[in-house]
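Structure first, then comments.
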Amino acid sequence: MPLKIRRLSYALGAEIIGADLTKPMSEEAFAEIRHAFHEHLVLLFRDQVLTPEQHIAFSRRFGELDVHPFSRYNLPGYPEVLQITNHVIDGKPSDTRNTGRQWHSDLSFTTRPALGSLLYCKEVPEVGGNTMFANMYMAYETLSPGLREMLDRLWAVHDMSMGKDIANRDPAFMAEMKKKNPPVAQPVVRIHPETGRKALYVSEMVTSHFEGWTFDESRPLLNYLFAHSVQPEFTYRQQWRPHDLLMWDNRSAMHLAVADFDHSTPRHMLRTQISGEALGRVAGQPAAQSTSAAA
Ligand code: OGA
Ligand code: MN
């Protein structure tokens, strides 16, 4: 059956109709999907009843997979599969139950940000539990030439300890994570290696300041860019159904897990992550705050 591509919103996202991810896929069909991934940034495959092996096998066609350090939340026996879940795990509430509650791009706070992620829906609340996506090419392209030219030359610091959810996670584990992940500087404008297009690459969850600028100088412009990036016209909102597999490109899109559901009802997702190229470097300190000229 030939593949059909149905766009999901004006800004980004497409459903691939006619693919069966439980079966081996021809090179031709895969090339079509890869092309659609670069064109639409987010791809949705509905009604896929997948084993973890099949989820991993399809993900592997895009590249090597990351093995997530949150080992307590890996699917037992599958180090490549992370459970994003509000199920109780080992008698404790899961630290991944609030994953992604601010706009972000996966692992941008490391020097090897994830290329893409494939999230598979097992259980969703009766309503909500949506995920939103924003097209960061559009965010960049709709800025004025003057601002684009300045941003093209800037770097920004991405620091995982900026995230709001950090305080609610296991302190010993987070201390270890912070030690392993010192703040990194990333280009504010990222050139996509496949499409050659420029995308804005700052996000409210982890971007703290522009390199060489003070926090106070950085905040107003960063806040403007955060708000500009996620205006409704630039977004797609995924309403999950069990057996949806959805993948996104972290190089050109940001995403947000919306807390729009009854948290006493189960939401259970499985995620693989495609390893990305090396990007950025360990950051320097922020510039000192300017002081008054007074003696
Ligand atoms: C993620 C993430 C979104 C969601 O898996 O990287 O941010 O809606 N999850 O669960
Ligand atoms: Mn995420």
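Everything numeric in this text was worked out from a predicted model, so none of it was measured. Counting convention: from 1, in listed order, for ligands and their atoms alike.
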By number and element, which atoms of ligand 1 are closer than 4.0 Å to a non-hydrogen atom of His255? 1 (C), 2 (C), 6 (O), 7 (O)

Identify the closest protein heavy atom to atom 6 (O) of ligand 1: which residue and atom is it, and at what distance? Arg271 NH1, 2.6 Å

I want to know if ligand 1 touches Thr99 in the polar sense, i.e. an N/O pair below 3.5 angstrom. no

Which ligand 1 atoms, with their elements, are less than 4.0 angstrom from a heavy-atom of Ile84? 5 (O), 10 (O)

One thing to verify: whether Arg34 and Glu194 come together as a salt bridge, which I'm taking to mean a side-chain N less than 4.0 angstrom from a carboxylate O. yes

re atom 8 (O) of ligand 1, the protein heavy-atom contact at minimum distance is Thr131 OG1, 2.5 Å

List the residues meeting side chain to side chain donor-acceptor pair (under 3.5 Å) with Lys122, not counting sequence neighbours, and say none if there are none. none

Backbone N or O of Gly129 within a donor-acceptor pair of the Arg267 side chain at under 3.5 Å? yes

His104 versus ligand 1: do any nitrogen or oxygen atoms come within less than 3.5 Å of each other? yes

Taking non-hydrogen atoms only, is Met254 closer than 4.0 angstrom to ligand 1 via side chain, backbone, both or neither? neither

Can a salt bridge be assigned to the pair Arg251 and Asp249 using a cut-off of 4.0 Å between side-chain N and carboxylate O? yes

Below 4.0 angstrom from a heavy atom of Ala257, which ligand 1 atoms are there? Numbered from 1 as shown, please. 3 (C), 4 (C), 8 (O)

Quick check on contacts: which atoms of ligand 1 are under 4.0 angstrom from a heavy atom of Asp106? 6 (O)

For the Mn ion (ligand 2), check which protein N, O or S atoms are under 2.8 Å away and list them. His104 NE2, Asp106 OD1, His255 NE2

For Ala257 versus Arg101, what's the shortest heavy-atom pair and its separation? O-NH1, 2.9 Å

List the atom of Thr235, the atom of Ala11, and the distance in Å for their closest heavy-atom pair. N-CB, 3.7 Å

Closest to atom 10 (O) of ligand 1 among protein heavy atoms sits Arg267 NH1, 3.0 Å

Under a 4.0 Å N-O cut-off, is there an ion pair linking Asp152 with Lys198? yes

Would you say the ring centers of His263 and Phe261 fall short of 6.0 Å from each other? yes

Below 4.0 angstrom, N of the basic side chain to O of the carboxylate: do Arg61 and Glu27 qualify? yes

Between Phe30 and Phe62, what is the ring plane arrangement, given parallel below 30°, perpendicular above 60°, and tilted in between? perpendicular

Show, in sequence, the C-alpha distance, side-chain angles and deciding distance for His158 and Tyr201, and conclude whether the ring pair (Phe, Tyr, Trp, His ring centres under 6.0 Å) test is met. CA-CA 10 Å; His158 293 225; Tyr201 195 59; 5.6 Å; yes

Please work out whether any backbone atom (N, CA, C, O) or any side-chain heavy atom from C-beta onward of Trp248 is under 4.0 Å from ligand 1, and answer side chain, backbone, both or neither. side chain

